[in-house]
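Working notes, beginning with the structure itself.
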Amino acid sequence: MTVMSGVSRATFDEVMVPNYQPVAPIPVRGQGSRLWDQQGREYLDFACGIAVTGLGHAHPKLLAVLTDQAARLWHVSNVMTNEPALRLARRLTELTFADKVFFCNSGAEANEAAFKLARRWGNAQDPRKHTIVSFYNAFHGRTLFTVSVGGQAKYTQGFEPLPGGIRHAAFNDLASLEAVMDDSVCAVVMEPVQGEGGVLPATREFAHGVRALCDRHRALLIYDEVQTGNGRSGSLFAYEQYGVTPDVLTTAKGLGGGFPIGAMLTTDALAGVLAFGTHGSTYGGNPLACAVAEAVIEELARPELLRNVGERAAQLSTGLVEIGRRHGLFGATRGLGLLIGAPLAEAWKGRAKDVVNAALAQGLWLLVAGPDVLRFAPPLNISAADVDEGLRRFDRACATLTQAGAG
Ligand SMILES: *Cc1c(COP(=O)(O)O)cnc(C)c1O
C-alpha cells in the first residue's frame, strides 16, 4: 500500500517542535486492541496511547455517542451549562466518594485545579499554610506548577524560577514524609501507583500512613488518579482498593477513552473553596467530551468489564514473568490491574526503549516507564486470545534482543 497522505515521519522533523521523538510508524486506523499504520502493518496495542484508550479503538458505543453529540451541540461556554456535563458529574458523584466535580481537558489541568484548591483552602486559614508535598519520581503533568510539584528534576531543569512552597519526600517511606510534614502543609499529593515513575504501587501501609499524617497536620490528601483511574487498576478508582478516601481526586487519561477530558472530584465541604470566579476553563466540561466520558463510565460500571481487567492482568503478568525469566530480561512484574510494570534485570538496565522498539518490530506496541521499566497497558476489554497473541509477539521480540546479545 502506498502512502497517499503526503506526510511521513520525516515531516515531523520539518514542521513539529522537537519535544517528542515519535517512532517511525504512523498509525492511521484503530479497531479494538489493534492499530494499523500508513503501510497497512497491524499492531497489537498494549499501550493505549499512554493508558488512555481503555476501551480500545473505535468502540461502537463511544463512536455512536460521539457522532450523535457531534450532530447536536459541540460547545456553549461555562456561562451556560450542558446536559452531558451534568449527567457525567452526577454519575461520577454516585460512583465515588465525591459530591462535586470540576471539568477540564487534561490531567495537568485537573492537578492544577486541585493544587489551586488546596492553596486557597490553606490561605483562608493562614497564609503560611501553603506548602504542597509530593513524592520523588511522581508525575503530575507538564505545566510549570505541576512539573514543580512532580519530583523529577529532569522536567524542571531550565524552566526556573519555579513556583515555591513545594516539598518532596520519598515514596513508600513514611519517615521521609513525616520529616517534611508540619502545619504549613495544605496538601499531600500522591499517585496510588507511580506511573511514569516506574509503575510502582504504594504499599497499603504507606497509603494509610499518608492519610494519617494528613489528618494529624490538617492537610488535604490529593489522589492523582490520572493514570490509575477509570478501571485501569481493576476498580473504577484505585483508592477503593487501598481503603483510603482522599479529599480530592484528579483524573483524565482513560476518562474520555481518547477524547480529551480531565476532572477534579471533591467533597461538598471543600468544593466551596473554588467559589464563583476563582477558577475556570474555556473547554472544561464541553458537551462532546462529557458525552463520550459518560459512555466510558457506563461501560466501566459493568462488573464483567472490571472482572476482565483482573483476569487479563493475571494472564498477562503470568505470561510476562515466564518470558522475562526465560530470556533473562526481568524476573517479576508489579503494578495494579492492567497497569503492569516489568523492571529490567541488571544486564538490561537503561534499555527499556530498545525492548519497546524490538516489540514494535514484531507488531506489539508497548511503553516504557523510565529507562529501566517496561510498561504494559492494554485495553481493559482485551480478549484472552489477544493477550496470548501479544505474549507471543513479546517472546519473539525478546528472542531478537537476546540473540543480538545482552548489555
Ligand atoms: C499523564 C499523567 C498526568 C498528566 O496528564 P496530561 O493529560 O498529560 O496533562 C498527570 N498525572 C499522572 C499520574 C499521569 O499519568
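Numbering of ligands and ligand atoms starts at 1, following listing order. Positions are given from 1 along the sequence.
- Side-chain rings of F97 and Y239 approach one another, their centers coming within less than 6.0 Å.
- Judged by distance alone, the side chain of N111 and the main-chain N or O of H140 form a donor-acceptor pair under 3.5 Å.
- The six-membered or imidazole ring of Y20 lies away from that of F12, with a centre-to-centre distance of 6.0 Å or more.
- Using a 4.0 Å heavy-atom criterion, the residues that approach ligand 1 are S106, G107, A108, N111, F139, H140, G141, E191, D224, V226, Q227, K253.
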Using distance only, find each side-chain donor-acceptor pair of residues 323-339 under 3.5 Å and give its atom names and separation, not counting sequence neighbours.
unit_1: R325; atom_1: NE; unit_2: G331; atom_2: O; d: 2.9
unit_1: R325; atom_1: NH2; unit_2: G331; atom_2: O; d: 2.9
unit_1: R326; atom_1: NE; unit_2: E322; atom_2: OE2; d: 2.8
unit_1: R326; atom_1: NH1; unit_2: D395; atom_2: OD1; d: 3.2
unit_1: R326; atom_1: NH2; unit_2: E322; atom_2: OE1; d: 3.2
unit_1: R326; atom_1: NH2; unit_2: D395; atom_2: OD2; d: 3.3
unit_1: H327; atom_1: NE2; unit_2: D395; atom_2: OD1; d: 2.6
unit_1: R334; atom_1: NE; unit_2: G198; atom_2: O; d: 3.2
unit_1: R334; atom_1: NE; unit_2: V199; atom_2: O; d: 3.1
unit_1: R334; atom_1: NH2; unit_2: G198; atom_2: O; d: 2.8

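- Applying the ring-ring contact (aromatic ring centres under 6.0 Å, His included) criterion to H168, with sequence neighbours excluded, gives Y136.
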Identify all side-chain donor-acceptor contacts of residues 265-272 below 3.5 Å with residues at least two apart in sequence or on another chain.
unit_1: T266; atom_1: OG1; unit_2: D247; atom_2: O; d: 2.9
unit_1: T267; atom_1: OG1; unit_2: L270; atom_2: N; d: 3.4
unit_1: D268; atom_1: OD1; unit_2: K100; atom_2: NZ; d: 2.5

